[in-house]
Amino acid sequence: MKAMGIDRAFIDRLVETFYGRVLAHPDLGPVFDARLSGRWPEHMEKMKSFWSAVAFRSGAYGGKPVQAHTGVSNLTPDLFPKWLALFAATLDDLAPSPEAKAWFMATAERIARSLTLSLFYNPALDDPAKKTG
Ligand code: HEM
């Protein structure tokens, strides 16, 4: 992580900048703000400790991401590519190295895929017996 330029100060800056842009985003902003209104400072701290825990394997984050996203009103699958595009653009502006951007993107894409499956995957749609043709 150090070789890529990733340290706690960078994570703090990334989280602050990214969620600032999330809030200003026409589709993402309202979905986040409806859930987090009045709780933004806690969310920012949580996200900093989440990314630190993943980057430095510090175990500092003890939350449950899937549960946290359950019941977020108007959270639809099409928002995930928008989230990822905004995260990529933010990393283009801030990442200390191409490797740092690649690491954050690979990690975010993996988690986005896993969240999308947990939140929206419906096995019935894949069951050949239930397909009408
Ligand atoms: C369109 C996509 C997304 C939306 C709309 C969204 C929205 C939210 C909201 C509203 C919360 C706050 C929940 C609460 O405290 O009540 C939250 C928490 C969180 N999100 Fe997302 N999220 C998205 C994608 C992601 C992705 C891709 C990641 C992974 C990099 C992620 C990681 C987290 C984590 C770690 C938390 C904190 C969970 C906890 O409470 O411990 N989210 N998200």
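All ligand and atom numbering here is 1-based and tracks the order in the structure.
Nearest to atom 16 (O) of ligand 1 among the protein's heavy atoms is Arg35 NE, 2.6 Å. Here the heavy atom of the protein found nearest to atom 14 (C) of ligand 1 is Arg39 NH2, 3.5 Å.
The closest approach between a heavy atom of Met47 and any atom of ligand 1 is below 4.0 Å. Not a single heavy atom of Phe87 sits under 4.0 Å from any atom of ligand 1.
Between His43 and ligand 1, no pair of N/O atoms sits closer than 3.5 Å.
Every residue meeting the side-chain contact (heavy atoms from CB on, under 4.5 Å) condition with Pro96, not counting sequence neighbours, appears here in chain and number order: Phe10, Ala100. Asp92 is linked by a side-chain contact (heavy atoms from CB on, under 4.5 Å) to Lys101, counting only residues two or more places apart in sequence or in another chain.
In Trp51, the part holding a heavy atom less than 4.0 Å from any atom of ligand 1 is the side chain. For Leu79, heavy-atom contacts with ligand 1 shorter than 4.0 Å involve the backbone as well as the side chain. Contacts between Leu36 and ligand 1, counted as non-hydrogen atom pairs separated by less than 4.0 Å, involve the side chain only.
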Next item on the list: Determine, step by step, whether Phe87 and Leu14 satisfy the side-chain contact (heavy atoms from CB on, under 4.5 Å) criterion, reporting the C-alpha distance in whole Å, the side-chain angles of both residues, the deciding distance to 0.1 Å, and the verdict.
Entry: CA-CA 9 Å; Phe87 198 52; Leu14 175 63; 4.1 Å; yes
Show me the donor-acceptor pairs within less than 3.5 Å that the side chains of residues 41-49 make with the rest of the protein, sequence neighbours left out.
| residue | atom | partner | partner atom | Å |
| --- | --- | --- | --- | --- |
| Lys48 | NZ | Glu16 | OE2 | 2.4 |
| Ser49 | OG | Lys46 | O | 3.4 |

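Near-neighbour remark for atom 21 (Fe) of ligand 1: protein N, O or S atoms under 2.8 Å are His69 NE2; waters not counted.
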